[in-house]
2 protein chains.
Amino acid sequence: MGATYGQFCPIAKAMELLDERWTMLIVRELLYHPMHFNELRRGMPRMSPSLLSKRLTQLERAGLVDRHATGNEVEYRLSAAGAELRPVLEGLAAWGVRWMGQAGQRELDPKLMMRQLALFVDPTRMPDRRNAIEFQFTDMPAKLCNWWLVVDPDGADVCDFNPGHEVTLTVRAPLVALVDWWLGNRGWSELTGSGTVELTGPSVVRRGFPHWFELPAFATVPRADVPLTVG
Amino acid sequence: MGATYGQFCPIAKAMELLDERWTMLIVRELLYHPMHFNELRRGMPRMSPSLLSKRLTQLERAGLVDRHATGNEVEYRLSAAGAELRPVLEGLAAWGVRWMGQAGQRELDPKLMMRQLALFVDPTRMPDRRNAIEFQFTDMPAKLCNWWLVVDPDGADVCDFNPGHEVTLTVRAPLVALVDWWLGNRGWSELTGSGTVELTGPSVVRRGFPHWFELPAFATVPRADVPLTVG
DNA sequence: CAGTATCCCTTATGATACTG
DNA sequence: CAGTATCATAAGGGATACTG
């Protein structure tokens, strides 16, 4: 735990636990589903492994996170206390999406975007048992342009190389547009209608794409008329 | 603003602003009502004035706080964006009171307790136009034992010396019991019934006391069966 | 009332490499 | 996969005194 505030106020007590850097993001990840160490790292690529390890120890000691070892694998889950932070995190997400404006250029990380798609894709809504979707991000440097999302009934994987499967659909767009769609800043039909997003594939598949994903709940939160300007 | 996370996730964006030490407590204070610099200091006695000044500047730049100068007085208010953090703070308070267990001995600050009483007392519910309530905290060192809450229609003041007004009611109790009542950990009738809290004054006044205050909303949140153990 | 000015010092954190 | 080990720097923050 971090430093104390010396106040009996429950907000102060809660923040003693939660206001350390990265802590809320770890909770966010584990609200998606239980995860292994390296899966958590993928969700927070800018966090060093030693710091992640330290935070997980702190959160386990505090009782927010349970560590389940099976063999030499370790799975991290939220405890009951941790899981009850969900409404707080949802409130924060709604506030953030409403007031924190457009995603800044600097936050655009294609790997994180692809990871969200993989986390929230629903295989049962897709046309085939095994689907490969190719993404071409037109606003990224060459090395970060091409990605593939491979989905089968057991889950989804992300590759930055052609996995060799037949491609069900190709999505060509600036990453910034895809992120804006994901966050709910812009609608899908607006993006395809204007040509910002180009889809290549059978028309049934093209029309189906935006419905394959469980969009985050905050996507429908109304935006502030005058969002905060990013520092 | 603190360091960035480099993620477009709205929780990450929100926490870049909000996860710095003391920030949420400042928002909490300003959710009570607009305040001057020194009034904020009273709500966060362990924060140095330079740090408070720095945080206020950050929050103003971020657009969460508005600074209103009149003459040489400065009032801090929440902006619309700041005010919309209320549900988040309420969620945090509910979570904190539910999971963070009893107030630790170290968090017991009589001055902060008296300040809460002054902030949330409702003069219209009290018997006289001017009321003085004396508090005797039996578990505090001599210097911190005796306090007076003086309430008139314009507001309430706290003294650590006898203000000279006629005393309407005397409350004699361990501070820890009063805090527990305030947080909703223990009921008032339980505390008076067991003799933990002793009231001296006319019976009408004694019975009225617990209703003079607007108890915090989180006081009614059910507690966890097994709260987290404080680090 | 509303802050500044210093000063010191711990600690937090990022980066990187390595292990079983 | 699941972490440790090491290191150096920067920043954060507490305490205190002082100003207009």
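Every chain is numbered from 1, with letters handed out A, B, ... down the list of sequences. These values consider heavy atoms only, across backbone and side chains, with no hydrogens, waters or symmetry-generated copies.
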[X] vs [N]: side-chain N/O to OP1/OP2 distance below 4.0 Å:
X       : N      : answer
A/Ser53 : D/dT4  : yes
A/Tyr76 : D/dG3  : yes
A/Lys54 : C/dA12 : yes
A/Tyr5  : D/dG13 : no
B/Arg42 : C/dA2  : no
B/Arg55 : D/dG13 : yes

Considering Watson-Crick and G-U wobble pairs with both distances under 3.5 Å, what does C/dG14 pair with?
D/dC7

To the nearest Å, how far apart are [X] [atom1] and [N] [atom2]?
X       : N      : atom1 : atom2 : value
A/Met47 : C/dT16 : CE    : P     : 17 Å
B/Met35 : C/dA2  : CE    : C1'   : 16 Å
B/Leu52 : C/dC1  : CG    : C1'   : 13 Å
A/Leu40 : D/dG3  : CG    : P     : 10 Å
A/Gln58 : D/dG3  : CD    : P     : 15 Å
B/Leu56 : C/dA2  : CG    : P     : 11 Å
A/His36 : D/dC1  : NE2   : C1'   : 9 Å
B/Glu20 : C/dT13 : CD    : P     : 11 Å

Point-to-point distance, once rounded to the nearest 0.5 Å, from CG of A/Leu64 to CD of A/Gln58:
10.5 Å

What do the steps show when you test A/Arg115 against A/Glu29 for salt bridge (Lys or Arg N to Asp or Glu O under 4.0 Å), and what is the final call?
CA-CA 11 Å; A/Arg115 183 167 179 272; A/Glu29 289 296 312; 2.7 Å; yes

Is there side-chain contact between A/Met35 and A/Arg77, with heavy atoms separated by less than 4.5 Å?
no

Using 30° and 60° as the class limits, which term best fits the ring planes of B/Phe120 and B/Tyr32: parallel, tilted or perpendicular?
perpendicular

Using 30° and 60° as the class limits, which term best fits the ring planes of A/Trp182 and A/Phe213: parallel, tilted or perpendicular?
perpendicular

Counting side-chain heavy atoms from C-beta on, which of [options] comes nearest to [X]?
X       : options               : value
B/Trp22 : C/dA5, D/dG14, C/dA17 : D/dG14
A/Arg21 : D/dG14, C/dG14, D/dC1 : C/dG14
A/Phe37 : D/dG3, C/dA2, D/dT16  : D/dG3
B/Leu51 : D/dG14, C/dA15, D/dA2 : D/dG14
A/Ser48 : D/dA5, C/dG3, C/dG14  : C/dG14

Assign A/Asn38 to base, sugar-phosphate, or nothing according to its heavy-atom contacts below 4.0 angstrom with the strands shown.
base

Can you work out whether A/Asn72 or B/Pro49 has the more 5'-proximal nearest nucleotide on DNA chain C?
B/Pro49

Checking ring pair (Phe, Tyr, Trp, His ring centres under 6.0 Å) for the pair A/Trp95/A/Phe218: CA distance, chi angles, key distance, verdict?
CA-CA 9 Å; A/Trp95 185 88; A/Phe218 57 71; over 10 Å; no

